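We use all heavy atoms of the structure for the numbers below, so side chains are in, but hydrogens, waters and symmetry mates are not. Predicted model only: the values in this text are computed from it and were never measured.
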Amino acid sequence: MQHYDLVIEGAQVFTPSGIQALDIGIVQGRVETLGALSSTPARERLDAAGLLVLPGCIDTQVHFREPGLEHKEDLESGTRSAVLGGVTTIFEMPNTKPSTTTPEALADKVARANGRAWCDFAFFLGASSENAAQLREWELLPGCAGIKIFMGSSTGSLLVEHDADLLRVLRHGRRRVSVHAEDEARMRERKPLAEASGHPTAHPEWRDDISALLATERLLRLAEEAGRMVHVLHITTREEAELLGRWKHRATMEVTPQHLSFHAPDCYQRLGTLVQMNPPIRGKEHQEALWEAVQNGAADILGSDHAPHTLDEKALPYPQSPSGMTGVQTLLPVMLTHVLNGRLTLERLVDMTASGPARLFQIARKGRIARGYDADFAIVDLKKSQLLQRQWIASKCGWSPYEGQLLKGWPVHTVLRGQVVVRDGELQGAPVGQRTRFLDVPEVA
Ligand code: DOR
């Protein structure tokens with residue numbers, strides 16, 4: 001008789017064939033059996049009666065600030081926040097200090113994460129005009145999630161502004177390139193608007209919808225010329241959502257929970273610089289277009305763009321105040337709340353947080369609950385309603401823009417490759433996160 005390392009019992013399970021009442025038997029970190037396992041021997045059992053097992057969330061846009069800015073976050077605290085929120089894999093961005101623009105900087109991040117990461121991980125390499133020609137080789141390095149381009153400057157110094165440099169980056173390599181699309185030249189011209197206003201309500205005027213659209217249009221033209229697939233991060237405008245909906249042969253798109261949950265000017269009046277981020281949260285008409293893209297399927301995935309800054313830093317006068325907010329821990333409860341409020345289906349949510357990221361980034365063995373796949377689960381209670389409180393936030397910067405909001409649908413247990421890393425909301429054991437493998441980067445052994 002099969003001996004399981006872990007059996008999860010009594011839950012409803014989100015499988016590729018629909019939600020079913022099943023037990024899950026796990027051997028060596030992978031799903032071995034989906035069926036009735038109440039009398040089968042197992043080293044450990046997890047009673048999940050009344051709960052729903054979802055594929056662990058894959059958040060392909062987080063900023064964990066290590067090395068160099070560890071007063072805001074580090075790989076331990078960031079990944080701890082992740083698993084407490086039902087996120088089992090993260091891809092981390094290169095705008096650390098130093099920026100992740102060399103194989104040495106990438107290997108350093110992988111070494112720092114080993115033994116300290118609570119979830120699985122990969123790191124983006126930042127593109128620059130200096131490293132463009134080497135990216136073809138470097139994007140295949142172990143632990144590399146791919147290449148990230150900042151077309152507009154944000155936190156940190158990474159920037160690839162001009163078409164010639166962008167083309168060189170896009171021509172050197174074959175994996176999907178992730179892009180922050182805002183037009184630097186236009187934003188430089190418009191910065192006085194922000195300075196004159198001194199209030200973050202001006203943020204979507206400084207970094208306006210045309211800045212975003214211009215960059216996305218240029219990017220698509222250059223990607224077509226280079227024959228490269230691109231992934232446009234944190235889409236914010238109606239025009240980009242419509243445009244990208246016509247470019248599925250070349251580009252995919254990400255939306256964030258915060259662009260779906262907040263809108264201008266209300267959010268800036270209520271939350272000030274806390275909701276200042278790049279690209280900005282915009283007005284209701286743009287927010288509705290993003291929801292439409294979620295509902296019609298044109299928006300491929302959700303990413304949290306977890307970008308922590310301390311409350312002291314956020315208290316600087318606008319526009320010296322830094323852009324970005326926490327989000328990796330709240331991604332799932334915020335989006336489950338939207339599901340329970342009827343804004344999207346559970347199927348769409350899982351598509352955008354698990355199977356979608358796995359498809360886009362060619363992640364091996366993740367993104368679905370099926371035999372042979374990694375046993376990565378977010379086990380949630382759809383009946384639990386609770387106010388989001390600051391003390392729940394594990395991020396070093398210790399705040400969330402959702403504080404005080406009633407969220408419905410909460411992560412209870414998190415399982416990473418068969419290990420229960422969060423049980424009843426409490427962290428368990430030691431960090432066991434590993435670097436992610438990719439189907440488009442074959443590795444030996
Ligand atoms: O608001 C943002 N914050 N947008 C970015 O692109 C970077 C991020 C950060 O790292 O703070």
message: According to side chain to side chain donor-acceptor pair (under 3.5 Å), who are the partners of Asn341, at least two apart in sequence or on a separate chain?
response: Lys408

message: Once ring pair (Phe, Tyr, Trp, His ring centres under 6.0 Å) is applied, what residue pairs with a partner in residues 57-88 remain, sequence neighbours excluded?
response: Phe64-His306

- prompt: For Thr101, which residues count as a side-chain contact (heavy atoms from CB on, under 4.5 Å) partner, sequence neighbours excluded?
  reply: Ser99, Asn131, Leu158

For residues 329-336, please give each side-chain donor-acceptor pair under 3.5 Å, one per line with the distance, not counting sequence neighbours.
| unit_1 | atom_1 | unit_2 | atom_2 | d |
| --- | --- | --- | --- | --- |
| Gln329 | OE1 | Ala394 | N | 2.9 |
| Gln329 | NE2 | Trp392 | O | 2.7 |
| Thr330 | OG1 | Gly327 | O | 3.3 |

- prompt: Under a 4.5 Å cut-off applied to non-hydrogen side-chain atoms, are Gln258 and Tyr402 in contact?
  reply: yes

- prompt: Pairs in or reaching into residues 340-384: which pass ring pair (Phe, Tyr, Trp, His ring centres under 6.0 Å), with residues at least two apart or in two chains?
  reply: Phe91-Phe361, His231-Phe361

- prompt: Partners of His249 by ring-ring contact (aromatic ring centres under 6.0 Å, His included), sequence neighbours excluded?
  reply: Trp247

- request: For residues Ala223 and Leu170, report the shortest heavy-atom separation together with the two atoms involved.
  value: N-CD1, 3.8 Å

task: Hey, could you give me each pair passing salt bridge (charged side-chain N to carboxylate O under 4.0 Å, His left out) that has a residue in residues 325-353? Not counting sequence neighbours.
output: Glu288-Arg343, Arg348-Asp351

message: I'd like to check the side chain to side chain donor-acceptor pair (under 3.5 Å) partners of Glu32; sequence neighbours left out, ordered by chain and number.
response: Arg371

message: Determine whether a donor-acceptor pair (N or O, by modelled atom type, separation under 3.5 Å) exists between the side chain of Glu403 and the backbone of Ser400.
response: yes

field: Sequence neighbours excluded, every pair satisfying ring pair (Phe, Tyr, Trp, His ring centres under 6.0 Å) that has a member inside residues 126-170
entry: Phe150-His180

- prompt: Could Lys396 and Glu66 be called an ion pair, given the rule that one side-chain N must be under 4.0 Å from one carboxylate O?
  reply: no

message: Is it the case that the side chains of Asn278 and His234 hold a donor-acceptor pair, with the cut-off being a distance below 3.5 Å and no angle test?
response: no

Listed once per pair and sorted, the ring pair (Phe, Tyr, Trp, His ring centres under 6.0 Å) pairs that draw on residues 328-354, sequence neighbours left out: Trp291-His338

statement: In short, Lys314 meets Pro322 closest at the heavy-atom pair NZ-O, 2.9 Å

message: Can you list everything that forms a side chain to side chain donor-acceptor pair (under 3.5 Å) with Thr310? Sequence neighbours excluded, please.
response: Glu313

query: What pairs with Asp120 under side chain to side chain donor-acceptor pair (under 3.5 Å), at least two apart in sequence or on another chain?
result: Lys366, Arg417

- request: Rounded to the nearest 0.5 Å, what's the gap from CD1 on Ile58 to CG on Leu302? Could you check?
  value: 12.5 Å

